[in-house]
Amino acid sequence: MNNIHGIPVYDLTIDMLNDEYGVSVISLVENPAVEKAFITLSDQSPIRLSVVDDRKVITGVALRADYPIYRKDPATGKEYFFRISAEQIERIMQKFMAEKRLDMVNIEHDPRMTPKDIFLWESYQLTDKHKIGYPEFADIETGSWMVSYKVDNNTVWKAIKSGRLRGFSAEIFGNLNENKEKQANLSAEDRAIALYLLTII
């Protein structure tokens, strides 16, 4: 798949040795680009967590594997899609954990809104076995990055319960490359499409 309705599709990759690459923050948002809201673990049986009553834990998709996300460059007006392979998601997850970003959370991608008392509870790549436990995510691609967060902030929890915050959104920095089958024909302009800050909102 080289394009969608004539709009180019790029693959996002990261450099494990570059401190600027990877996911820096997980944001809680009303409308996640991954188009899947999180669920509260009090609403169903969890995969690996023992939950009694309302534990204030939310589970959802941080990054969907091979899922095209539409973007429009505000400077040039150029439209494009980007996607991330399951292999690259694994690398992103490893880097995120190694950098100990367990409580790097904000609201609606606003760096001024960084609530306390919210931290990563669980992180894994989705498998078919996971989908049995979470029927809500049965249509999510295998290899996607799933996360659970413990929310001990009462204000944020109320926003989640009210439906004002409905999903996760990752702020990610990496290279955008045209699909492998077209790599040999990349122009200088296309090769310059790199080091994009992709705020997934």
Side-chain angles (χ1 to χ4, degrees), residues 10-40 56-65 67-84 88-124 144-177 192-201:
Y10 296 91
D11 292 313
L12 184 142
T13 62
I14 67 164
D15 181 348
M16 296 290 282
L17 300 179
N18 189 323
D19 291 340
E20 294 183 342
Y21 280 66
V23 170
S24 58
V25 175
I26 299 289
S27 190
L28 302 180
V29 299
E30 182 177 2
N31 297 306
V34 292
E35 298 179 355
K36 204 69 175 177
F38 48 56
I39 57 174
T40 57
K56 295 185 177 180
V57 174
I58 52 177
T59 297
V61 188
L63 294 174
R64 290 180 71 168
Y67 184 82
I69 294 178
Y70 173 79
R71 283 291 171 268
K72 185 174 183 178
D73 189 317
T76 65
K78 182 176 181 178
E79 296 178 292
Y80 62 95
F81 290 88
F82 79 91
R83 62 186 182 180
I84 311 173
Q88 286 297 314
I89 286 176
E90 182 178 9
R91 291 161 59 88
I92 290 166
M93 292 171 61
Q94 290 177 6
K95 199 169 190 297
F96 184 85
M97 299 299 286
E99 293 171 349
K100 299 178 176 59
R101 297 183 178 273
L102 307 187
D103 60 353
M104 299 295 289
V105 177
N106 66 27
I107 305 298
E108 296 288 0
H109 296 292
D110 187 340
R112 299 166 300 178
M113 299 180 65
T114 54
K116 304 297 182 183
D117 303 321
I118 302 175
F119 58 90
L120 186 67
W121 184 267
E122 190 176 33
S123 171
Y124 57 92
S144 295
W145 183 15
M146 306 295 294
V147 293
S148 295
Y149 275 79
K150 183 75 166 70
V151 183
D152 285 329
N153 184 295
N154 289 331
T155 300
V156 174
W157 186 249
K158 289 179 181 178
I160 291 167
K161 295 293 283 185
S162 71
R164 188 171 67 81
L165 297 176
R166 301 180 56 252
F168 295 112
S169 180
E171 296 183 9
I172 185 168
F173 194 58
N175 283 317
L176 289 179
N177 306 296
I193 300 177
L195 300 179
Y196 263 83
L197 177 63
L198 300 170
T199 302
I200 304 175
I201 58 175

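- A donor and an acceptor atom, one from each side chain of D73 and Y80, are nowhere located under 3.5 Å apart.
- Heavy-atom minimum distance, M146 versus V61: SD-CG2, 3.8 Å.
- For the pairing with Y149, the side chain to side chain contact (heavy atoms under 4.5 Å, CB included) check across I160, V57, V105 returns one residue only, V105.
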For F168 and V29: C-alpha separation, side-chain torsions, deciding distance, then whether side chain to side chain contact (heavy atoms under 4.5 Å, CB included) applies. CA-CA 6 Å; F168 295 112; V29 299; over 6 Å; no
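- In this structure, CD1 on I89 lies 5.0 Å from CG on L63, to the nearest 0.5 angstrom.
- Residues W157 and I58 are in side-chain contact: their nearest non-hydrogen atoms beyond the backbone lie under 4.5 Å apart.
- The line from CD of Q94 to CZ of R91 is 8.0 Å long, rounded to the nearest 0.5 Å.
- In this structure R164 satisfies the salt bridge (Lys or Arg N to Asp or Glu O under 4.0 Å) test with no other residue, sequence neighbours excluded.
- L12 is not listed as a side-chain neighbour of Q88, based on a closest heavy-atom distance of 4.5 Å or more.
- Contact annotation: the side chain of E171 never approaches that of V23 to less than 4.5 Å [non-hydrogen atoms, C-beta and beyond].
- Side chain of R71 to backbone of F82: no donor-acceptor contact under 3.5 angstrom is found.
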Side chain to side chain contact (heavy atoms under 4.5 Å, CB included) between D103 and K150, intermediate numbers included: CA-CA 10 Å; D103 60 353; K150 183 75 166 70; over 6 Å; no
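- Under the 3.5 Å distance criterion, with hydrogens and angles disregarded, no donor-acceptor pair is assigned to the side chains of K95 and N18.
- Remark: E79 pairs with no residue by the salt bridge (Lys or Arg N to Asp or Glu O under 4.0 Å) rule, at least two apart or across chains.
- One finds the NZ atom of K56 at 10.5 Å from the CD1 atom of I118 (value rounded to the nearest 0.5 Å).
- Residues L165 and E108 have side chains in contact (heavy-atom distance under 4.5 Å, counting atoms from C-beta outward).
- Listed here is the closest heavy atom pair of Y21 and D15: CD2-N, 3.3 Å.
- Proximity of S24 to M104: side-chain heavy atoms (C-beta onward) are nowhere separated by under 4.5 Å.
- The side chain to side chain contact (heavy atoms under 4.5 Å, CB included) test with F96 singles out one residue from V25, I172, L120, V147, and that residue is L120.
- Proximity of M97 to L102: side-chain heavy atoms (C-beta onward) are separated by under 4.5 Å at one or more points.
- For A65 against S144, the heavy-atom pair with the smallest separation is N-OG, 2.9 Å.
- When every heavy atom of S123 is checked against every heavy atom of W145, the shortest pair comes out as OG-NE1, 2.8 Å.
- A170 and I26 make their closest contact through CB-CD1, 4.0 Å (heavy atoms, listed as atom of the first residue, atom of the second, distance).
- You'll find the side chain of Y10 stays beyond 4.5 Å of the side chain of N175, heavy atoms only.
- Side chain to side chain, T114 and N106 fail the donor-acceptor criterion of an N or O pair below 3.5 Å.
- H109 and S27 make their closest contact through N-OG, 2.8 Å (heavy atoms, listed as atom of the first residue, atom of the second, distance).
- N31 has its side chain within reach of R166: a pair of non-hydrogen atoms, C-beta onward, lies under 4.5 Å apart.
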